[in-house]
A.B. asks: 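Got a structure for you, questions after.
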Amino acid sequence: MSRAAVVAGLGAWTPPTLVTNDDLAARLDTDDEWIRTRTGIRQRHVVGPGQATSDLAVEAGRRALASAGVERAGLLVVATSTPDQPLPATAPQVADRLGLGTVPAFDVSAVCTGFVYALATAAGLIATGVADTALVIGADAFSTILDPADRATRVLFGDGAGAVLLRAGSPDEPGALDGVHLGSDGSQHRLIERPGGGSRTGAALAAAAGGQLNGQLLAAGDADGHAAAHDGYLTMQGRAVFAQAVQRTAETVRATAERLRWPLEAIDRLVLHQANARISAAVGQRLGTPADRLVSNIDRVGNTAAASIPLVLADAAAAGDLRPGHRVVLAGFGGGLTWGSVGLVWPRLRGGPIPAAGPSDSPTL
Ligand code: UT7
């Protein structure tokens with residue numbers, strides 16, 4: 001009898017500090033109308049001083065455990081590309097703070113597709129009997145890696161976390177994950193990147209400090225001519241990413257639907273990574289999905305990277321837009337490039353989904 005990973009809990013969290021389009025327009029050459037019409041975003045939440053990705057992850061993880069009515073999970077996977085620090089991974093610390101003890105805990109790095117990759121990884125470990133339950137958290141604090149002067153990225157990204165509790169169950173019960181499809185194209189890795197913080201720029205930093213690496217005196221800057229000071233910022237070639245996002249997201253949804261033997265019109269809710277409302281609309285058009293089957297919260301949270309899919313899931317489920325029995329496909333796209341999707345029939349959750357804090361709780365910056 002085969003085992004499947006079944007969704008049993010859902011929770012999300014956004015930090016209280018709110019940044020509106022007008023706040024950004026006061027500091028950058030941009031305006032509310034451009035941001036709303038080009039992206040669909042009205043506001044985003046950002047971490048405060050001293051807050052990091054693990055803080056967001058712990059809050060979302062706690063909510064997902066409570067939603068499932070359990071206190072523990074046997075495995076923790078954190079999807080993030082803004083870990084608290086490059087080493088060690090963020091997940092073990094999150095596991096400790098959630099009181100999960102010495103469970104296996106690791107990070108998955110697939111940028112905005114991270115949550116789908118992490119779900120697939122955890123589902124595989126449950127299916128093979130390595131774990132009976134798993135907490136999968138998508139958490140990112142992109143506000144900490146944005147160039148304050150880059151209006152193209154500053155307006156898009158926000159911070160947050162979302163989490164799902166998985167348990168072992170049967171492949172034919174509601175909530176069972178199925179139809180996983182994953183892909184990547186590393187030839188396009190420069191389209192979205194944060195070059196610093198790794199081994200390639202470690203050499204440049206050593207040189208800037210007048211140092212040596214492996215016995216060799218280094219010249220300032222790496223082979224690609226990056227200046228070390230700017231390597232910590234995210235860069236993105238927006239138009240090229242937009243085109244790839246539409247094409248790859250539509251392809252991965254089709255692949256998952258085929259694996260599930262669901263005709264595209266049988267999908268009740270399409271839960272896409274919230275990158276840009278225009279990207280979601282274009283994917284919906286390609287697939288012939290009516291707009292009211294696309295869930296969305298990008299207006300309130302912006303692009304929250306690995307957190308985006310569980311955040312919009314929690315919001316949609318709490319609002320009653322995602323209901324038990326709905327056939328749902330989750331699909332992500334992001335840096336790498338990476339993409340992936342997975343399907344499930346939405347289950348009835350014991351404690352209900354616990355959404356992120358509403359804007360009414362939030363002071364503006
Ligand atoms: O999570 C996955 C990764 N990220 C994404 O999926 C994002 C994908 N890309 C996008 O969402 C869009 O490409 C952006 C929102 C980043 C940009 O929108 P766009 O419609 O593709 O605009 P564009 O880059 O073609 O720029 C159009 C104009 C340019 O001015 P000129 O050259 O026409 O004079 C930009 O300089 O808009 C300008 N612009 C802005 N103007 C006001 C770019 N950013 C801004 C801004 N405010 N924030």
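Everything numeric here is computed off the predicted structure, so don't read it as measured data. Start at 1 and go down the list; that is how both ligands and their atoms are numbered. Heavy-atom basis, side chains included; hydrogens, waters and symmetry copies ignored.
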A.B. asks: Indicate the atoms forming the closest heavy-atom contact of Ile192 with Gly334, along with that distance.
C.D. replies: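 Residues Ile192 and Gly334, closest heavy atoms: CD1-C, 4.1 Å.
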
A.B. asks: Relative to ligand 1, is Val111 under 4.0 angstrom through side chain, backbone, both or neither, heavy atoms considered?
C.D. replies: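 Val111 to ligand 1: no contact under 4.0 Å from either part.
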
A.B. asks: Any nitrogen or oxygen of Gly238 lying under 3.5 Å from a nitrogen or oxygen in ligand 1? Just yes or no.
C.D. replies: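 Yes; at least one N/O pair falls below 3.5 Å.
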
A.B. asks: Nearest non-hydrogen contact with atom 23 (P) of ligand 1 belongs to which option: Gln244, Arg239, Gln237, His273?
C.D. replies: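 The residue whose heavy atom sits nearest atom 23 (P) of ligand 1 is Arg239.
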
A.B. asks: If only side-chain N and O atoms count, and only distance matters, is there a donor-acceptor pair under 3.5 Å linking His181 with Ser341?
C.D. replies: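 Checked: Ser341/His181 side chains show no N/O donor-acceptor pair below 3.5 Å.
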
A.B. asks: Please list the nearest protein heavy atom to atom 27 (C) of ligand 1 with its residue and the distance rounded to 0.1 Å.
C.D. replies: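 The closest one turns out to be Arg38 NH1, 3.8 Å.
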
A.B. asks: Which heavy atom of Ala277 sits nearest a heavy atom of Gly40, and at what distance?
C.D. replies: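 Here Ala277 and Gly40 meet closest at CB-CA, 3.9 Å.
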
A.B. asks: Let me know which of Asp299, Asn21, Thr304 forms a side chain to side chain donor-acceptor pair (under 3.5 Å) with Arg44.
C.D. replies: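 When Asp299, Asn21, Thr304 are each tested with Arg44, the side chain to side chain donor-acceptor pair (under 3.5 Å) holds only for Asn21.
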
A.B. asks: Is it the side chain (CB and beyond), the backbone, both or neither of Thr39 that lies under 4.0 Å from ligand 1, heavy atoms counted?
C.D. replies: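 Side chain only.
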
A.B. asks: Considering heavy atoms of the protein only, find what lies nearest to atom 39 (N) of ligand 1 and give residue, atom and distance to 0.1 Å.
C.D. replies: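 Going atom by atom, the protein heavy atom closest to atom 39 (N) of ligand 1 ends up being Trp34 CZ2, 3.4 Å.
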
A.B. asks: With a 4.0 Å cut-off, strictly under, does atom 32 (O) of ligand 1 pick up any protein heavy atom?
C.D. replies: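 Within 4.0 Å: no protein heavy atom nearby.
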
A.B. asks: Quick one: closest heavy-atom pair of Ala131 and Leu75, and the distance?
C.D. replies: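 Of all heavy-atom pairs spanning Ala131 and Leu75, the closest is CB-CB, 4.0 Å.
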
A.B. asks: One residue to check: Ile192. Relative to ligand 1, which of side chain, backbone, both or neither has a non-hydrogen atom less than 4.0 Å away?
C.D. replies: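 For Ile192, only side-chain atoms sit under 4.0 Å from ligand 1.
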
A.B. asks: Do the side chains of Arg154 and Asp23 get close enough for a salt bridge, i.e. N-O under 4.0 angstrom?
C.D. replies: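 Between Asp23 and Arg154 there is no salt bridge, as every charged N stays at least 4.0 Å from the carboxylate O atoms.
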
A.B. asks: Check this for me, if you would: do Glu33 and Arg36 make a salt bridge, where the nitrogen-to-carboxylate-oxygen distance has to be below 4.0 angstrom?
C.D. replies: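 No, this pair does not count.
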
A.B. asks: Less than 4.0 Å is my threshold; does some heavy atom of Arg154 fall inside it relative to ligand 1?
C.D. replies: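 Under 4.0 Å: no for Arg154.
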
A.B. asks: Suppose we screen for ring-ring contact (aromatic ring centres under 6.0 Å, His included). Which residues come up paired with Phe157, at least two apart in sequence or across chains?
C.D. replies: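 With neighbours one apart ignored, the set is Phe142.
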
A.B. asks: Do me a favour and list the nearest non-hydrogen protein atom to atom 5 (C) of ligand 1 with residue, atom name and distance?
C.D. replies: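 Nearest protein contact, heavy atoms only, for atom 5 (C) of ligand 1 is Val241 CG1, 3.6 Å.
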
A.B. asks: Minimum distance, heavy atoms only, to atom 30 (O) of ligand 1: which one of Arg278, Arg151, Glu33 is it?
C.D. replies: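 Going through Arg278, Arg151, Glu33 one by one, Arg151 has the nearest heavy atom to atom 30 (O) of ligand 1.
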
A.B. asks: Does the protein put a heavy atom under 4.0 Å from atom 3 (C) of ligand 1?
C.D. replies: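 It does; a protein heavy atom is within 4.0 Å.
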
A.B. asks: Return the closest protein heavy atom for atom 47 (N) of ligand 1 as residue, atom name and distance.
C.D. replies: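 Minimum-distance protein heavy atom for atom 47 (N) of ligand 1 reads Thr30 OG1, 2.6 Å.
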
A.B. asks: Protein non-hydrogen atoms only, distance under 4.0 Å: does atom 20 (O) of ligand 1 have such a neighbour?
C.D. replies: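 At least one protein heavy atom is under 4.0 Å away.
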
